[in-house]
Student: 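Next up is a structure, given as structure tokens.
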There are 4 protein chains.
Amino acid sequence: MTASPPPTSTQVPSPTRRRDSARTRQRLLDAARRHFARNGYAGTPVREIADEAGVNVSLVNRYFGSKEGLFAACLTEAIDGLRHTTADAPPDMLPSIIASEVADPGHYEHLLLLVRSSGDERADQIRIEVLRNYGEALAARAGWQPDVPDGEDLLLRAQLVLSTAIGMVLLRSAGLHPLASTSEQSLVAPLRDLVNAVLPPEQKGERPNGV
Amino acid sequence: MTASPPPTSTQVPSPTRRRDSARTRQRLLDAARRHFARNGYAGTPVREIADEAGVNVSLVNRYFGSKEGLFAACLTEAIDGLRHTTADAPPDMLPSIIASEVADPGHYEHLLLLVRSSGDERADQIRIEVLRNYGEALAARAGWQPDVPDGEDLLLRAQLVLSTAIGMVLLRSAGLHPLASTSEQSLVAPLRDLVNAVLPPEQKGERPNGV
Amino acid sequence: MTASPPPTSTQVPSPTRRRDSARTRQRLLDAARRHFARNGYAGTPVREIADEAGVNVSLVNRYFGSKEGLFAACLTEAIDGLRHTTADAPPDMLPSIIASEVADPGHYEHLLLLVRSSGDERADQIRIEVLRNYGEALAARAGWQPDVPDGEDLLLRAQLVLSTAIGMVLLRSAGLHPLASTSEQSLVAPLRDLVNAVLPPEQKGERPNGV
Amino acid sequence: MTASPPPTSTQVPSPTRRRDSARTRQRLLDAARRHFARNGYAGTPVREIADEAGVNVSLVNRYFGSKEGLFAACLTEAIDGLRHTTADAPPDMLPSIIASEVADPGHYEHLLLLVRSSGDERADQIRIEVLRNYGEALAARAGWQPDVPDGEDLLLRAQLVLSTAIGMVLLRSAGLHPLASTSEQSLVAPLRDLVNAVLPPEQKGERPNGV
DNA sequence: TATGAATGAGAATTCATTCAT
DNA sequence: GATGAATGAATTCTCATTCAT
């Protein structure tokens, strides 16, 4: 988010691979995402992140300017992480997509990140933008389109679905059983009920609840 | 929120009303709940809490032993705060109850508290217990009973509803519109769709264990 | 040391014995001596003393003005506690007197007190005076008299004996075995060797080491 | 004192000589020993130590983990500081060795440290071990050997001598005259009387185990 | 590029003391 | 005479950040 080109971990620049700044940067981002997602911004010391990344603490400031900068970079990265999830796929896949998002340890951290705040305005702005985009992507599956009036209710309902996903991740990470121990597959059925009721897939032509 | 003016010493000591330990304790609890709910455990200095309560910082340690103790006390208090919400009321009232819980500034802090962790084991235990009870109370409205086999799915679905409520509160507090600005009333309709689909009220006859 | 008459725990002023200030005062002194002796001045919170005395903390300030005042009072009290030990007794009893002083749990606290400092000038002055008197009392047994020139060496030697006693108490309280577990009786023999060599009892007429 | 200028990094980094961790560490240790010896553990704020060492307070935690850790490190260091004192030297030198130990401002702090307790169990264990070793080293000069029965009395007598030394240091630091102002040389004679009486040097022939 | 030393601000907690009853 | 509430200063420790190499 501050300096150096963003060559997201390209393969083997030099055989010895000493002093690979892009790699170091990415390791920091990965470790940071994990810790920020789990323990929140205030709850994670930068040293912990650097230790897990296996690099020196001061590199956080070198690469990201500050702890806030690192957090903002995590959020920015989360945009991509979430985009491909909600990219085009048959609308009726949504329940299983959510289930996988919620259950996949590689993905749910992105969702958790979205409810962690550093108090920093810039970061919060990124965060809210990501949330908004995510909601719109969900709403689009039910026929929502930008700048079309009366779409507010659809957007609201999409945000309800998003709420469910985020709440699920939180309660799972809190260890609330049976939710925490339910397999991805077993989550699909109740989620299908939920999505179909709250955000029914766009039916061509007729949409009875005239919003 | 238990804001009865003279909490324990019932005989109205003096018009100036200073040196009332029960009252001081409660003021600390109220301020703490607010701050912990909004900014998380690590994100709130005890001094901030004490300042808002208008008392000296050291009283936190005097009355609650430590910051952790204060946090645990908030959680314990949240049990009662949430209990009466889920107490007996016609099952079909659930959507509007959730809506009010989510929208009422006096109540949603209890929900937020449930996804804040201090890392302290004791506090986490209380937290998980409250969550579990809450889920069971919701499930009971759909006919769930403790120790009855095959109830797991109902419990899971109840926890999904709880997830939605918690997610909503979080996204509202993040300022995600339109969700954040939707009135309590307007939340009821989509919530009704959601609850009816995920956790349909017990149907007489079909489910013999008539609770 | 500050207020109220000093009626050192006279017997039963009133049958019910409620609100007996002299008694309270003495209980504080007793508890304070124990704690100051064992843990030093800075190492003992006044609350600990008050708790052991079974009275309210603020009475320390009421009766002794401050923590320093309480400490000074303990030292003052130690004067009497130590005086009767070194009062007139046959000089050849000195080793067994020291042994008993060192071993008796009721007495050695007075000795310990003498090497605890609060940093307060007034208290340190009392302390040094007690130490000086103690040394003189020991020296007197070897013929030392105030204001007689050339008595310095005798005083020095007496202070060496005092050093031994104090060092013994400290090492015993540190738990250094066998010293810590040696009975009073078994201490007498080596102490007799020591005293006889360092501070030989006054021999009438001839004292060969012409000091 | 171990005041050798460049403690570990032997290659003389730069004339300004900053950023030398080993040196910083040692400066902290030196200052700590002084303060702990004089004012006890509870009586010395870490800030005072850091100020005297001329470094930032937080380095205490960086290098020693905690105040307790620093104290324990002082004790550990005292082991070496005291060892060479009691190393092999003709037994009849003991009185003058004690005199120098007691009078040398670079040494007596080690002795004082041995009667200061932090209440920490680990530190107390080190302390008692050092005391024990010291006593054994003294006893060895009188023929004591480990695991030889009947050696207890010798050990006890050696600990009496140690008591004297420690008591002397304490009373000197309390400013008790004449003891406090007596020169090292003038201490030797009374100490010789004391040592010869309490812990007579091993006599050849009489004690067959000729060590 | 990377490291480790050092700093300074802030945070929680302890504790002697004062106040009001 | 005694209690418990409340205060403010001081203390230890953590942590993000900067400096020098």
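Heavy atoms only: backbone and side chains are in, while hydrogens, waters and symmetry mates are out.
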Student: Quick check: on DNA chain F, is the nucleotide nearest C/Val55 upstream (toward 5') of the one nearest B/Arg47, or the reverse? Name the residue that is more 5'.
Tutor: C/Val55
Student: Rounded to whole angstrom units, what separation is found between the CD1 atom of D/Ile49 and the C1' atom of F/dT12?
Tutor: 12 Å
Student: Under a 4.0 Å heavy-atom cut-off, which of residues 61-72 of chain D touch DNA chain E?
Tutor: D/Arg62, D/Tyr63
Student: Check the distance between F/dA10's C1' and D/Asp51's CG and give it to me in whole angstrom.
Tutor: 14 Å
Student: For the residue pair A/Arg127 and A/Ser117, what are the closest heavy atoms and their distance?
Tutor: NH2-CB, 3.5 Å
Student: State whether B/Asn56 places a side-chain N or O below 4.0 Å from either non-bridging phosphate oxygen (OP1 or OP2) of F/dA6.
Tutor: no
Student: Defining pairs by Watson-Crick or G-U wobble geometry with both distances under 3.5 Å, how would you list the stems of DNA chain E with at least three pairs each?
Tutor: E:2-21 with F:2-21
Student: Should the pair A/Arg122-A/Glu68 be classified as a salt bridge under the 4.0 Å nitrogen-to-oxygen rule?
Tutor: no
Student: Closer to the 5' end of DNA chain E via nearest nucleotide, is it A/Gly54 or C/Val46?
Tutor: A/Gly54
Student: Check the distance between E/dT14's C1' and D/Tyr41's OH and give it to me in whole angstrom.
Tutor: 13 Å
Student: Which one, F/dT3, F/dA6, E/dC15, comes nearest to the side chain of B/Ser58?
Tutor: E/dC15
Student: May I ask you to verify if any side-chain N or O of C/Thr24 is less than 4.0 angstrom from the OP1 or OP2 atom of F/dG1?
Tutor: no
Student: List the steps and the verdict of side chain to side chain contact (heavy atoms under 4.5 Å, CB included) for D/Phe71 and D/Asp120.
Tutor: CA-CA 10 Å; D/Phe71 184 65; D/Asp120 179 62; over 6 Å; no
Student: Can you spot which of C/Arg34, C/Arg47, C/Arg38 makes a salt bridge (Lys or Arg N to Asp or Glu O under 4.0 Å) with C/Glu52?
Tutor: C/Arg34
Student: Is the shortest heavy-atom distance from the side chain of A/Leu29 to the side chain of A/Leu70 under 4.5 Å?
Tutor: yes
Student: Under a 3.5 Å distance rule, please check whether C/Lys67 uses its side chain to pair with a backbone N or O of C/Asn61 as donor and acceptor.
Tutor: no
Student: Find the distance A/Leu28:CG to E/dT3:P and express it as a whole number of Å.
Tutor: 10 Å
Student: Mind calculating the distance between CG (C/Leu59) and P (E/dT17) to the nearest angstrom?
Tutor: 14 Å
Student: So, do D/Leu112 and D/Phe36 sit near enough that their side-chain heavy atoms are less than 4.5 Å apart?
Tutor: no
Student: For D/Asn39 and F/dT11, what is the distance between atoms CG and C1' respectively, to the nearest whole Å?
Tutor: 15 Å
Student: Does some side-chain heavy atom of D/Arg25 sit less than 4.5 Å from a side-chain heavy atom of D/Tyr63?
Tutor: yes
Student: Starting at NE2 of C/His35 and ending at P of E/dC15, how long is that distance when rounded to a whole Å?
Tutor: 12 Å
Student: Are A/Asp30 and A/Arg27 within salt-bridge range, i.e. N to O under 4.0 Å?
Tutor: no
